[in-house]
Amino acid sequence: MFGFIKNAFTSRRDHADCSGCSLCLLVCPVWRQSRDISLTPHGRAKAMQHGDAVDAASVESCTLCMACEPVCPEKIDQVGMILDLRRLQAPTSARDELQAHMTGLASRPVASRPAASTTLLPDSALRAHPDTLARVTILLGDKNISVADDDGSDISQALEVGADIPAQCLEQFLTPLRLHKKIIVADGLLLRHLKLWLPKARIASLGEALSGHAEVRRSLRTTDLYVIEPRAYHSDYQRLVKHYDRLRVNHGCAFNLDLQRIAIPATARNLSQRLGLAAHDDEAHARWVLHGRSITRIVVESLEDRAAFEKVSDIPVVHLAELADGISDV
Amino acid sequence: MTTATSERTSIEHGTIGPCHVGPDSLIDIKRQQTNPSRWKGESWSAFAAALCDFGIELRESVAARGTFATDAGGTAYGLPHGVVIARSAVQVSLLLKAAQQHRVPVTVRGGGLTTEGESVAFGGVLLDMTGMSRVLHIDTEALTVRTEAGIFWHSLAEELRRVNMDYLSAPLNLTSSVGGTLGVGGIDVNSPRLGCSADQALALQVVTPTGDIVECSDTHNAELFQRVILGYGQFGVITEATLKIRRYTPLRMHYFYYDSLRTAIEDMQLLNRNDASDYSGILTIMDCAVNLLVAFDSDEREAAFKANWQPKLRGHGEFGFALRMALRYALRPWKLGEAWFLFKRKRDIFPEFRRSEYLRDGLMHDRTVVFSRAVWKFWGSKQMVIPDLATSADKFVEAVERGNQVCRKYFPHYTLYLVGIKLRPEHKPHYEMSCIPSDAEGWAYGCEFEPMIDGHVYSRDHLQSFKNAIYDIGVELGGSYYRFGGMMKGYIRRVFGDEVVDRHLAMKRRADPAMILNREVIF
Ligand SMILES: Cc1cc2nc3c(=O)[nH]c(=O)nc-3n(C[C@H](O)[C@H](O)[C@H](O)COP(=O)(O)OP(=O)(O)OC[C@H]3O[C@@H](n4cnc5c(N)ncnc54)[C@H](O)[C@@H]3O)c2cc1C
Ligand code: SF4
Ligand code: SF4
C-alpha cells in the first residue's frame, strides 16, 4: 500500500570499506566507557565483513552522537549503518508501538500555509520548557518565525528505533516545511535526515541559529564552557567547525570539543535509555567534558545537557536562549 | 613430500630447521627455515576452561575473531581461536600462566598498526590491549605520566591537554598504542631532537611470558627493561608505562621545497647536526616535489634558525618552487602527466595542513591531529604497503636514492617519508637487534617507501617483490628496518647475523619456555 522510506543514506560508503584504522574509537562515547571494540563502528564493520551478525547489544549501545562520521577516512555512513541494523533487528515492543503509530499517522493532517518565513521544530525537551521556547522564538525574530505544530518528534523516534516511516506520512510532514524559507531544528537526528530529504532547503540547528544572534554572542564570556549539541554539529561538521571556531576566536570561550574538534557529548544515551527503559548514566560523560577545565559558567544548546551538568557540578548552567539580556523573563 | 611435511610439523618453534625451498630457487641468498609450524589448537579447550575458571571472558565468535584478522598492512591474514580484552595486569598474568601451561600462543595487539602481520594471530589467543586505556597519574611538576599501556597516544594526548601538557613524541597516526610503540620504536618529527618514543619511557610494568608482574626501569630490573623496550613484544606484555611529558606548545612551521632528494637530505642532516630546529622531516611526492618541514616550539628557536640556518638551506619557498616546476615541465611536455599529478596532489593535500581551526596567529595547534588525519586521508587504505630502511647518517642518501629507484620501477606514484632519530648513548643496550642500525652513531635515519595504491589492484607477488627489493638494500648496506617482524622475519638473520639472533633466541627461550608470546613475530 505505502512505500516505506529506508532510513539509510545511499551516497556514502558501507561496512565493506572499513580499513580498521580505529579512528572512530577515539571519539566514540561508548568506546570511552566500555573499551570494547565490538561496541564500535570498527567492530560492527569487521563483524559484517566476516559475514557474522552484529550483536544486538552493539546495535543498541550506539548513542547516535554521530561523532564517528566526520572522522572516518573511508567516509562510511556509520549512522545509516546503525539505523539499518536497528530496522533489521527482531522487533521490540517499543518499535512495534512506534510502527503502529507511524502507520496510523499515514494520513496525518497537512498543516496550513505558513504565515512566517522561518519555522522552528523544537525537540521534546524544549517543548517541555515553554518559557525557554518563548525566549527562543523572541530571539529568533518573533514575527518571522512560527513554531511548527508537527515538530516531527515521532519521526525522529521512529528513525532512532528503526521503525519504518510510511512514505505518505513523511510526505505530509515535509510538505509544509517546503514552504518555509528557513527551517530551524532542535533535534539533531531529525536535522540530519531533513538535510537528506530536503536537499535544497535552508536548514540550521537551533544552536547555530541562536549562537548567530548578536545579543547572545555578546553575552559569551571567556570563562564560559559552551556545550555544542553533538548530533546537529556532526551532521554538518565541515561547515559548523568553522562557525564555532569563529565564536571561539571572537569570544574566547571554551567548547566541549576534543583535539580533533569533535563534540564530546554530555548526555550519551543508548537506545534503551532513550526509550526510558533503562536509567541514564550521563554523569561519566558530563564529568569528562568538565575534566581539568577552569570555567565559571556552562552554556548549553540542548536542555538535556543542562540536567546532566547540574548533577555533577555546582557551576551554573544556562541555556543559550537565557543569555540575551534584552529579553525579560517570559 | 611426506617426509618434508612431517619434518616441518615436528620442528620446535624458534629453532631453525632445514629449508624446504628448492636450493637453487634464490641464488646467493642464504635460506633459513623461519616459519616451521603453525599451532593447530591442540589444547585449546583445556586452556579455554582454565580462563573460564579464572573468570576471564574469552570471545570465540566469528565477529570477535574477525575484527583482528589482519593489521594495518592488510596483507597478512590469520584468525585467533579466541579474543581476550585486557583489563588488568593480574588478568594478563593469569592468562599467560595458563598459556604457558597449555602451550597456547598469545598474540598481543595494541593499535594493530603493524604492516607485516606482527600483530596478527595465526591461531591461539589474541590479547586486545586497548581494554587497558586509563591514565593513572599525571605529575605536572616532575613532568611524567603513568598510564595503562593499551592507551592510544591520541587518547593520552586528550587527557594531557586538559592540564596543558603533551607527550614528547609518538607516531603520526593517532591510533597506535603506547605499549605497541614502546615495543617497536615510535618515530615523530621531533625524533631528530628527542629520539624515538621508546626512549621516552622511564619505567614499565611488565607481565613476563611466565606471568610474573614486574616493575622495571634503567635502574631496576634493568635487563628486562632493556629487552622489553624495542623488543617487539618478545619478553613480556607491557601493561603500564611511566613516560616523560612536557608543556604543550603550538608550532611555528616552515616548509622548504626541493627537486633533489640528496640536497634535501643533506640540508635536513645539517639542521639535525647543529640542533637548528625542534622538528624536521621530509615528505615527498615521488622524487619530484621534496618537502623539508622544519618547525619550532618557541619564537627564540625560530629566530635563531632564521638568522643562522635558513640562509644555508638550498630549498625554495612555495611560490619559487612552483615557478621552477612550471619551467621544468614547460621544457618537458612529455612529462605533463606527472605535472598534472603533482598539481592535483598539491591541491588536495595543502589545504589539509592549513585548516583554520588548527591555525591560530600563524601557529599550528595539535600537529599530530593535522598530520595524522592527512596520513589516513591521503595514504590510508585497506592495504598499506610501507617497507622502510633505517641506516646510519652517512649511508642514508644512498639508501633513499636506491629505494627511490625501486619505487619508480614498481609504481607510478609514491611518497617517501624521511626522518632522523637522535640516539641516546646510554640506551645502547635497548637498541641491540632493533630498528636502530648497529653502526649508527649520533643519529639513525629512517625512510618509508609508500606506493600510492590509488584503487589499482596489485598482486601479492608484485607487492612482496617490491618490499623485498627495498629490504635487500638494507641487507646490502648493513642497515635495519622499522618493521622487521612478522612476514619479513626471514630478513632478521640476514641483517643481524646468527650470533646476535641466537643470543636473543636463547634469552627468549629462558624467558618464555613454551615460546608462546608473540611467537610469529621474530623467531
Ligand atoms: C598509517 C600509518 C602511519 C604510521 N606512522 C608512523 C609514524 O609516524 N611513526 C612510527 O613510528 N610508526 C608509524 N607507523 C607504524 C606504527 O605506528 C607502529 O608500528 C606502531 O607504533 C605500533 O603500535 P601499535 O599499538 O599499533 O602496535 P601493534 O601493531 O598492535 O603491535 C606492535 C608489536 O608490539 C606488540 N605489542 C603490542 N602491544 C604490546 C604490549 N602492550 N606489550 C607488549 N607487546 C605489545 C605486538 O604483538 C606487535 O608485535 C604507522 C603505521 C601506519 C599504518
Ligand atoms: S574510522 Fe571508519 S574505516 Fe576506520 S575503523 Fe572506524 S569505521 Fe573503519
Ligand atoms: S554514533 Fe556515536 S556512539 Fe554511535 S558509534 Fe558513532 S561515535 Fe559511537
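Naming convention: chains lettered A, B, ... in sequence-line order (proteins, then strands); numbering from 1 in each chain.
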Are [X] and [Y] close enough that some pair of their side-chain heavy atoms sits under 4.5 Å apart?
X	Y	answer
B/Lys377	A/Glu74	no
A/Asp52	B/Ser61	yes
A/Arg261	B/Tyr358	yes
A/Val241	B/Arg355	yes
B/Thr175	A/Leu23	yes
B/Thr67	A/His50	no

Next on the checklist: Test your reading of the model: is there a side-chain donor-acceptor pair from A/Arg35 to the backbone of B/Thr130, 3.5 Å cut-off?
Outcome noted: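 Checked: no pair found.
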Next on the checklist: Set out, in order, the CA-CA distance, both residues' side-chain angles and the distance that settles side chain to side chain contact (heavy atoms under 4.5 Å, CB included) for B/Glu159 and A/His291, then state yes or no.
Outcome noted: CA-CA 9 Å; B/Glu159 298 242 8; A/His291 178 75; 4.1 Å; yes
Under 4.5 Å from any heavy atom of chain A - which part of [X]:
X	answer
B/Gln383	neither
B/Val62	both
B/Arg360	side chain
B/Ile85	side chain
B/Asn173	backbone
B/Phe68	side chain

Next on the checklist: I need the B/Leu113 CG to A/Cys21 SG distance, nearest 0.5 Å.
Outcome noted: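 Between atom CG of B/Leu113 and atom SG of A/Cys21 there are 9.0 Å.
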Checklist entry - So does B/Arg59 pair up with A/Asp36, basic N to acidic O under 4.0 Å? => result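 So B/Arg59 pairs with A/Asp36 through a salt bridge.
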